[in-house]
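Have a look at the structure below before the remarks.
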Amino acid sequence: MFRSNLGTLQLPKVGYDVGRNGLPLDLGPGQRITTYLANITLENIGKTPINPDGWSLYMCHEKLIHPMFYNISGLQFAGGGLILPGNVTVIHIKGCMFSFTPYLGEDPRFKAQPIQPGQTLIIPIVASEFLVSRYSVYPNWYIANRSHTNLIPNTMDNDRKFVGPFEHNIQYTRYINDLDSIKLSPIDRYRGYRFLSKPETKSEILPTPFKKTESTGSVSVNGNWLIDYNGVRNLANIATYLQSSIKGESGLSLRLSNVADGTRKVIQILLSKPAASTNPEAYTLQVNPNNERIVINGFSNAAVINGINTLRSLLAGGRTIKSMTINDYPRFPYRGLELDLASNYFPPSTVKKVIDVMALYKLNKLVLILGEENGWRIEIPEIPSLTKIGSKRCHDPSEDSCLFSQLGSKPDGTDGGYLTVNNYQDLIKYAAVRNIEIIPQIHMGVKARAAIKSMRVHLMTTKDKSMVLQDPTDIPRYMTSTLYSDSAVNPCLPNESTEKFFEFILTKLKKYHESAGVPLKYIHVGGDDSPPPAWLNSTHCQRLLHLEKEDLYLELKVNYSMALGDIATKHGVGLISLEEFFMAWPSRLGPPRIVPFLTPFSRTRFGNSSDIISVSTTINQFPQRRRPQLMANSGYKVILQPSDYTALQFAAEPDSEMPGEYDSRTRFINATKVFNFLPENLCCNFELTDTGSFGCTVPDQCEPLTEKDNVLGIQASLSTRFVKDEDTLFKLLLPRLIPFAERAYHKAAWENTYLPPKQIFNPQTGPEVVFSKPDLVARDEDWTRVASIIGNKEYPRLVNVLNVKPNVLPPGAKKEKMGTKELLRVDTSYPGLTPQIKSSLADWSNIKNTTDVTTLKLKDFQMRTLFNGMQNRRLKSIEQTMPLVYLSLKQEILGNVTKIRREMELERQRQMQAAQAMEFRRRQAMIQQQQQANQFARAQMGGTNQFNQFGMPQQPAQQPGATGVTNQQTAGTAQQAAGTPVQQPRQFNPTG
């Protein structure tokens with residue numbers, strides 16, 4: 001690991017500014033990608049020059065820089081590096097890491113100059129795809145030389161204040177016509193909901209129970225009440241959980257005691273079969289004022305815990321509870337959350353808070369990603385390298401002491417970590433008492449880099465080859481979407497070392513669970529498919545070519561999936577993986593690797609002694625949208641995890657100032673979208689342009705589901721690639737996890753009104769498909785009820801009981817004319833939140849739902865939302881309160897489409913001209929080099945004595961300009977940002 005502190009080197013102030021998105025770029029025939037322009041700036045804020053020698057700037061940039069000059073076969077830019085305007089050379093290190101080094105080569109035209117005090121060096125770049133949020137730029141940029149590193153101070157802020165504003169639509173939209181990325185104005189947020197009042201929500205429960213019957217009377221719980229669990233040993237820990245939960249919800253300290261039947265002022269928990277259901281999680285809860293008793297009767301421990309969490313919700317409304325009977329059971333047996341600890345580590349204290357939130361809303365499966373490409377987070381004492389290397393990221397190009405810095409990690413390795421055996425077992429126990437099963441996830445496909453690099457060091461230190469995951473002599477010929485070329489395990493290694501590694505880890509995890517008293521039921525292996533070149537270019541896999549299979553890659557894939565399934569079955573553990581891990585190419589739809597996997601492996605390949613579970617992450621793409629039904633109909637158990645609805649790492653709003661990810665299909669996922677998901681009607685979850693279809697599609701576009709019982713449930717996910725702190729984690733989770741839990745646990749009546757389309761014959765037009773209109777009014781009224789409970793009850797619980805901070809969105813506002821007056825109507829996303837207003841003449845103050853603003857200039861005002869002292873970011877102004885303003889913004893974007901397209905086409909042509917000029921210079925350089933080589937050969941044949949001291953032919957000095965390197969710096973064009981490949985042969989030192 002490198003040491004910190006570069007001594008007297010003046011550190012620059014860094015900036016990152018996006019110029020525009022949506023620029024098309026041609027890479028060749030049929031290869032057009034989208035790119036964006038950005039400027040990286042280095043400002044000298046010191047009093048002495050920043051000399052260009054001896055240092056490099058390192059930063060994580062998830063989008064590939066200058067894709068037109070990147071050679072995937074060589075895994076580097078053409079010539080080994082790219083000279084950019086500003087005379088710096090950009091090098092791709094590995095993953096998201098790039099370095100920018102002042103050019104000090106032989107060509108005097110490109111030699112970097114010192115950055116003088118007050119001077120700013122501008123480095124324009126072209127990058128793939130788009131970037132529309134400041135939170136898409138990683139923090140913790142640093143300077144490094146051969147032995148030291150220094151963080152650049154202004155990049156150490158998790159709010160990414162060094163990233164410039166996104167003010168124009170070409171900056172905050174992903175591509176042309178991208179209306180989903182338009183920033184929401186106050187009127188967009190104004191809904192005018194008729195929320196339930198706080199008293200009305202006192203007895204309301206989330207998730208909604210199956211049946212609740214209220215009657216006259218009530219009980220008042222106070223400190224004299226007791227908790228009775230009848231001395232049942234299995235319920236002792238659960239009774240303690242009930243005791244601590246009641247104290248947290250109401251402040252009451254109730255004693256545990258075994259009391260006689262009929263004793264008053266008792267909360268009793270029982271284990272017996274309720275008459276209401278045969279569901280193993282079914283329970284009844286009775287509040288009886290006549291004998292002042294509350295009885296929870298559950299089918300199982302899990303059922304009793306569900307009942308306890310229902311009682312907690314009732315107590316959150318106050319200590320006086322109405323007389324009622326609740327008969328309840330969950331909709332799905334699997335109600336999960338996948339939490340990524342590998343990308344960025346979070347300690348056990350944070351994981352316990354997540355578990356507490358899940359328990360509150362009756363979620364029962366927590367998948368912890370413990371081994372992935374960017375981190376290994378579980379201790380295996382027999383293989384110390386896994387945590388010594390895999391749990392840390394630092395500035396070590398050799399990766400002998402840690403993984404190389406990624407995802408904005410600090411170069412000194414201080415922001416890593418892992419779960420010790422004791423930590424992990426403590427979490428298992430903590431979760432079990434709350435009816436939550438922890439499922440470990442260890443990636444065993446293309447995202448296994450942390451384990452691969454750790455096991456390489458294990459081999460170096462122990463000479464143990466039995467669990468090697470990759471052949472270090474193989475030359476990679478692939479690059480993943482995360483810019484790695486060495487992250488895929490090799491299933492062809494001698495002695496089945498990859499499978500042995502998996503089995504060893506599985507047996508250790510199984511032992512951890514058994515020691516904690518909670519058996520390991522499932523292991524998740526990730527399942528992202530390895531690119532075919534990762535295996536087919538392996539010397540060990542090539543030895544199998546004699547098998548003369550129709551498709552060797554497919555054969556390897558099937559065998560590897562079966563091998564892991566057999567190992568899991570051997571140990572009595574179910575195997576969970578993404579659906580593509582169990583799927584092959586459909587010969588009827590096209591050639592291999594052109595269409596997505598759609599044909600499941602026969603379920604009989606894996607036997608029936610253990611569960612094989614497929615996780616479906618795609619819903620809204622054809623033909624991938626057919627996968628969950630195909631898997632279920634083929635006999636696999638299926639978990640629905642549609643990224644369009646349940647990927648909570650996505651932003652909650654299309655706002656460049658709000659944390660959260662996005663992709664080309666999904667810009668944001670708000671709470672109502674999560675709430676509207678239809679897990680039992682997968683053919684009606686599409687945002688189609690035809691409003692008459694109500695989000696449904698025809699059967700030809702969506703496979704019918706014939707084996708409904710094979711769908712176990714649904715799962716939300718939270719990737720932490722861009723999440724560096726606990727506050728951001730919970731703002732992404734909450735409150736959206738609450739409507740997710742509602743859909744996982746409770747089936748609403750309005751869901752049944754989404755019916756399959758009917759085919760009719762129209763005499764004029766022929767056959768037509770007609771969609772029945774679902775009860776959208778009931779759906780919206782149900783959401784208003786749920787939102788009322790979230791605002792009035794759940795926000796206070798989360799903040800005051802669990803000490804977590806859910807996201808607070810800005811208020812909505814709408815201006816209306818009433819006679820001669822102008823009224824400003826204001827609301828919030830959830831009741832109980834307080835809208836505030838501020839002007840240039842007055843500080844923040846609360847504002848009523850309706851305010852007379854006839855004499856005010858609204859453009860001078862700002863708005864925000866408060867809750868218990870928490871405030872969200874401020875809105876710049878509330879001038880956009882009239883509908884016409886918002887409509888005009890849309891019209892402006894649509895009206896400029898032709899102009900923007902023309903500009904983009906001109907920009908694309910400039911890029912192509914720059915690329916063609918670069919290719920011409922490259923070829924000229926190659927011709928000159930070939931001419932020089934011919935001259936050497938002729939000189940040797942002519943008997944000249946041009947030899948060096950080693951007896952080798954002496955190469956004459958290279959003539960200036962022979963490399964063909966030029967530096968086009970035409971201002972304001974992509975050609976300026978394109979840069980110049982370094983053509984001259986040279987060695988690159990990644991340490992700068």
Side-chain angles (χ1 to χ4, degrees), residues 333-334 336 338 365-371 378 380 428 437-445 447-448 451 466-467 469 489-493 495-530 554-584 597 599-616 627-628 630-639 641 707 709-713 715:
Y334 191 107
E338 180 183 83
K365 310 290 182 185
L366 176 59
V367 177
L368 292 180
I369 303 180
L370 301 175
I378 182 68
I380 307 293
I428 293 170
E437 175 187 351
I438 287 183
I439 300 171
Q441 182 176 141
I442 304 294
H443 276 255
M444 289 300 300
K447 292 185 176 181
S466 63
M467 291 185 284
L469 298 175
V489 299
N490 189 333
C492 307
L493 297 177
N495 302 315
E496 299 179 335
S497 61
T498 299
E499 289 87 342
K500 287 181 179 178
F501 172 80
F502 171 67
E503 184 167 18
F504 183 80
I505 299 300
L506 173 59
T507 57
K508 296 301 296 182
L509 292 172
K510 183 179 179 182
K511 183 178 179 181
Y512 296 167
H513 279 253
E514 290 173 349
S515 299
V518 182
L520 178 65
K521 297 180 181 178
Y522 299 103
I523 186 167
H524 196 310
V525 294
D528 300 85
D529 271 323
S530 296
L554 181 57
E555 188 72 17
L556 294 173
K557 174 182 164 69
V558 173
N559 291 341
Y560 183 57
S561 299
M562 288 176 56
L564 297 194
D566 290 345
I567 291 170
T569 300
K570 170 184 171 183
H571 293 277
V573 176
L575 186 73
I576 303 178
S577 179
L578 296 182
E579 58 202 354
E580 62 191 55
F581 194 69
F582 306 116
M583 303 192 90
F597 295 160
T599 305
F601 304 157
S602 172
R603 176 62 181 83
T604 58
R605 290 177 178 267
F606 298 96
N608 295 314
S609 57
S610 293
D611 285 335
I612 302 294
I613 300 178
S614 163
V615 179
S616 176
R627 284 176 168 182
L630 286 169
M631 296 301 293
N633 295 343
S634 298
Y636 290 86
K637 302 297 182 183
V638 173
I639 299 165
Q641 187 181 307
E707 302 296 329
D709 290 344
N710 281 338
V711 178
L712 298 180
Q715 181 162 278

Using the test side chain to side chain contact (heavy atoms under 4.5 Å, CB included), find all partners of [X] that sit at least two apart in sequence or belong to another chain.
X    : result
L712 : Y334, I613, K637
V518 : I428, A432
S515 : Q425, K511
T498 : M444, L469, V489, L493, Y560

**Message:** If the condition is salt bridge (charged side-chain N to carboxylate O under 4.0 Å, His left out), which residues does E499 pass it with, not counting sequence neighbours?
**Reply:**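 E499: no salt bridge (charged side-chain N to carboxylate O under 4.0 Å, His left out) contacts found.
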**Prompt:** Who passes salt bridge (charged side-chain N to carboxylate O under 4.0 Å, His left out) against E579, sequence neighbours left out?
**Reply:**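 Salt bridge (charged side-chain N to carboxylate O under 4.0 Å, His left out) check on E579 returns R627.
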**Item:** Which residues share a ring pair (Phe, Tyr, Trp, His ring centres under 6.0 Å) with F502, sequence neighbours left out
**Value:**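 Per chain and number, F502 pairs via ring pair (Phe, Tyr, Trp, His ring centres under 6.0 Å) with no residue.
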[X]: side-chain hydrogen bond (donor to acceptor under 3.5 Å, both in side chains) partners, not counting sequence neighbours:
X    : answer
K508 : E382
Y522 : D611
T507 : none
H443 : Q441

**Message:** Can you tell me how far apart CG (L564) and CD1 (I442) are? Round to the nearest 0.5 Å.
**Reply:**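 Atom-to-atom, L564:CG and I442:CD1 are 12.5 Å apart.
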**Request:** Compare all side-chain heavy atoms of L509 with those of I378 and state whether any distance is below 4.5 angstrom.
**Result:**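 The answer is yes; the side chains approach within 4.5 Å.
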Taking distance alone, no hydrogens or angles, what donor-acceptor pairs closer than 3.5 Å link side-chain atoms of residues 570-578 to residues at least two apart or in another chain?
residue : atom : partner : partner atom : Å
K570    : NZ   : E503    : OE2          : 2.8
H571    : NE2  : E503    : OE2          : 2.8
S577    : OG   : G526    : O            : 3.4

**Prompt:** Can you check whether S497's main-chain N or O pairs, donor with acceptor, with N495's side chain at less than 3.5 Å?
**Reply:**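 The answer is no, because no donor-acceptor pair under 3.5 Å joins these two groups.
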